[in-house]
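Structure, as structure tokens:
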Amino acid sequence: MSESEINGTEEDVQDKKQKKQTRHDGGAADLERVTDYAEEKEISAAHISSAVEQIGNKRSKEEERKVAKEMELLKVHVKKEDIELIMNEMLITRAQAEKVLREQSGDVVAALEAIIAN
């Protein structure tokens, strides 16, 4: 083999190594950008527990309001005849008729209108 063949081969090897190193450096830079982005977007455990606590508080408040509303509705006096009238006219269950009638403070006409509106 001649010296130029050997040198040419060595240059090719050097070029290949340099190209490989450039690709590696570019890939490492891309990976660094991705990990930086991911680190910025991470959610800490404190944030998660705070969010879960807020959701729990919201649900318990909604449940308290629902129970309070049901207690208020139970205080409303409704006539048995009115419930039966609404059941027969609107073809709904006793529970539905009673609920609507209580929500309308025992007013039969308003209860019928509320049922029709829904």
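If you read the sequence from its start, that first residue is 1, and numbering goes on from there.
Under the 4.5 Å side-chain heavy-atom criterion for ILVMFWY residues, no single connected hydrophobic cluster contains both I83 and L73. Under the 4.5 Å side-chain heavy-atom criterion for ILVMFWY residues, a single connected hydrophobic cluster contains both I116 and M87. The cluster map of Ile, Leu, Val, Met, Phe, Trp and Tyr, joined by side-chain heavy atoms under 4.5 Å apart, puts L74 and V67 in the same cluster.
Interatomic distance, E72 CD to S105 OG, rounded to the nearest 0.5 Å: 10.0 Å.
For V52, the side chain to side chain contact (heavy atoms under 4.5 Å, CB included) partners are I48, not counting sequence neighbours.
Pairs of residues two or more places apart, or lying in two chains, that qualify as side chain to side chain donor-acceptor pair (under 3.5 Å) and include a residue from residues 82-94 are T93-Q96. Within the structure, salt bridge (charged side-chain N to carboxylate O under 4.0 Å, His left out) pairs that include any residue of residues 55-69 do not occur (at least two apart or interchain).
Closest approach of L101 to A111, counting heavy atoms only: CD1-CB, 3.9 Å. The two residues A114 and V100 have their closest heavy-atom pair at CB-CG1, 4.3 Å. Smallest separation of non-hydrogen atoms from I86 and A97: CG2-CB, 3.8 Å.
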